[in-house]
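Down below is the structure, laid out as structure tokens.
As the structure is a computational prediction, the values presented were derived from the model and not from experiment.
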Amino acid sequence: MKIVVLAGGLSPERNVSLSTGTMVTEALRQLGHQAVLIDLFFGLEGWQGAPEDCFSLPSLTGEDARRVSAQAPDLEEVRALRQDRSASQFGPGVLELCRMADAVFLALHGACGEDGRVQAALDLLGVPYTGSGYLGSAIAMDKDLTKRLTAGLVDTPAWSTAEYGEDIDALVERAKLPLVVKPVAGGSSIGVSIAHSAGELRAALEWGLVPGGRVVLEQYIRGREIQVGILDGQALPAIEIIPKTGFYDYENKYQPGAAEERCPADIPPQAEARLAQAALAVYSALGLEVYARADFILDGEGTPWFLEINTLPGMTPTSLLPQEAAAAGIGYNQLCQRILDVSLNARRRER
């Protein structure tokens, strides 16, 4: 099959996406597909040949192509590098190349990639793609809306939201600490902080409530960080994450050795079953498809507290879903093929 692997874009998770895209492209080529990695934002800028010739390009290989930098990218610097100064999030030739492909493998993370907008554009073009459809993707990207829809189905920490223009002094004064502060729409723990004091909460709000900013203020639950992958409607073995310092932030997620990951998680069978049941309940309630990964805190009483769900989980060297799949006997290449096959079936049903 001819497959466009879409990655990059203008998301704060751009570097994570490029790592995912590189590894997925390698896997698909090893499986015999004509796969090409395309940056959503830059597209075919600088390419002199015919668009269809891209499918024969050599793929990026090596550790540098897979590595995720310790810091999120400066998106203004990225934007300045593109010669095409249009307001389009799609780089030159991206949609044209997607229409030539048999399928698009979405290796995008975060805004304009995981939030349903790219999915909706591909739907309108009649181009099949991997992962959930536009509506489930959009809902899952909004942490507040996700919790509103699932709070009656699963245990989730108490929360409120705040947006740009609100009185930060008043928010700090009435807060019941500790609180987890995180952007309503975002991933990879970018912008996430745990506020144990009024000063820490103020700093987090001042960072998050910039023009257009909106954050979730979530009750801090002490416990073990457990994540559960879902593939084709089935829960994968749970994985526990134990950061060596701090919490599971952006650096601890993507720098090798920064966190200990245990898969399968060393938890009682009853806890594993409750986590799987909760993950599948959220997956079903949001109308998700193909694959996802749900994040939980497992407290000392054995209660799983649902935090959020990812509709395009990372596939980088340190990502969790491939580790969970491996624990279920599914290798990386096989996982990519399964995602592709299940996605194509999902798109056929939606027509």
Sub-3.5 Å donor-acceptor pair from the side chain of S343 to the main-chain atoms of V290, do we have one?
no
Salt bridge (charged side-chain N to carboxylate O under 4.0 Å, His left out) filter on D39, not counting sequence neighbours, yields R14
L205 vs L171 side-chain heavy atoms within contact, under 4.5 Å:
yes
Determine whether more than 12 heavy atoms belonging to other residues, nucleotides or ligands lie under 6.0 Å from atom CD of Q277.
no
Within the 4.5 Å heavy-atom criterion, are I339 and F105 side-chain neighbours or not?
yes
Any side-chain heavy atom of V127 sitting closer than 4.5 Å to one from R99?
yes
Hydrophobic clusters here meaning ILVMFWY residues chained together by side-chain heavy-atom distances under 4.5 Å, can you tell me if L37 and V118 are in one?
yes
Taking ring-ring contact (aromatic ring centres under 6.0 Å, His included) as the definition, give me every residue that meets it alongside F41, ordered by chain and number, with sequence neighbours left out.
none
Does L125 belong to the same Ile/Leu/Val/Met/Phe/Trp/Tyr cluster as F90, with side-chain heavy atoms less than 4.5 Å apart forming each link?
yes
Kindly indicate, with the supporting measurements, whether the criterion side-chain contact (heavy atoms from CB on, under 4.5 Å) is fulfilled by M1 and L344.
CA-CA 12 Å; M1 295 177 65; L344 292 176; 3.7 Å; yes
Check whether any side-chain heavy atom of V94 sits under 4.5 Å from a side-chain heavy atom of I38, and report yes or no.
yes
Atom of V172, atom of L201 and distance for their closest heavy-atom approach
CA-CD2, 3.9 Å
Salt bridge D142-R148, side-chain N to carboxylate O under 4.0 Å:
no
To the nearest 0.5 Å, how far apart are SG in C54 and CG in L97?
5.5 Å
Given side chains that start at C-beta, do those of P12 and L75 come closer than 4.5 Å, heavy atoms only?
yes
Report yes or no: do I330 and Y291 belong to one cluster of Ile/Leu/Val/Met/Phe/Trp/Tyr joined by side chain heavy-atom distances under 4.5 Å?
yes
What pair of heavy atoms forms the shortest contact from A325 to L236, and how long is it?
N-CD1, 4.0 Å
Please examine the side chains of Q48 and D53, heavy atoms only from C-beta on, and report whether any two atoms are closer than 4.5 Å.
no
Above 12 or not: heavy atoms from other molecules or residues under 6.0 Å from CZ of R85?
yes
Between E200 (side chain) and H196 (backbone), is there a donor-acceptor pair under 3.5 Å?
yes
Hey, does Y134 have a side-chain heavy atom less than 4.5 Å from the side chain of D123?
yes
Is it possible for you to say whether F306 and V216 belong to one hydrophobic cluster, with membership spreading through side-chain heavy-atom contacts below 4.5 Å?
no
State plainly whether the residues E260 and R262 are in salt-bridge range, i.e. N to O under 4.0 Å.
yes
Measure across A285 and T150 and return the closest heavy-atom pair with its distance rounded to 0.1 Å.
CB-CG2, 4.3 Å
Within 6.0 angstrom of Q234 CD, more than 12 heavy atoms from elsewhere
no
Under the 3.5 angstrom rule, does the side chain of K147 hit a backbone N or O of W159 as a donor-acceptor pair?
no
Side-chain (S137) to main-chain (G133) donor-acceptor, under 3.5 angstrom:
yes
Option passing side chain to side chain contact (heavy atoms under 4.5 Å, CB included) with L10 (candidates Q89, R82, E76)
Q89
Find out whether E324 and R293 are in side-chain contact, i.e. whether some heavy atom of one side chain is under 4.5 Å from a heavy atom of the other.
yes
Show every side-chain hydrogen bond (donor to acceptor under 3.5 Å, both in side chains) that has at least one partner inside residues 110-121, sequence neighbours left out.
D115-R117
From the list T303, I221, D155, side chain to side chain contact (heavy atoms under 4.5 Å, CB included) partner of I297 resolves to I221
Taking all atoms of both residues into account, what is the closest heavy-atom pair of A346 and E289, and its distance?
CB-OE2, 3.8 Å
Step through the shown structure and confirm whether more than 12 heavy atoms of other residues, nucleotides or ligands are within 6.0 Å of CD on E350.
yes
Can you see whether S11 engages H109 through a side-chain donor-acceptor pair at a distance of less than 3.5 angstrom?
no
Could you tell me whether the side chain of S132 and the main chain of T311 form a donor-acceptor pair under 3.5 Å?
no
Between R347 and Y129, is NZ or CZ placed under 6.0 angstrom from the six-membered ring centre and within 45° of the ring axis?
yes
Please tell me whether L320 and L275 are part of a single hydrophobic cluster in this structure, the criterion being side-chain heavy atoms less than 4.5 Å apart.
no
Donor-acceptor pair, side chain of R29 and main chain of Q34, under 3.5 angstrom:
no
Do E218 and K143 meet the salt-bridge criterion of a basic N to acidic O distance under 4.0 Å?
no
Just wondering, are more than 12 heavy atoms of other shown residues or ligands nearer than 6.0 Å to CG in D74?
yes
What closest approach, in Å, do L335 and P322 show between heavy atoms, and which atom pair accounts for it?
CD2-CA, 3.9 Å
Backbone of K2 reached by a side-chain donor or acceptor of H33 within 3.5 Å
no
Polar side-chain atom of W207 near backbone of V210 as donor-acceptor pair, under 3.5 Å
no
Intermediate values then yes/no, salt bridge (Lys or Arg N to Asp or Glu O under 4.0 Å), D144 and R214
CA-CA 10 Å; D144 175 52; R214 189 164 168 250; 3.2 Å; yes
Between S319 (side chain) and L321 (backbone), is there a donor-acceptor pair under 3.5 Å?
no
Using modelled atom types and a 3.5 Å cut-off, is there a donor and acceptor pairing between side-chain atoms of Y332 and backbone atoms of M315?
yes
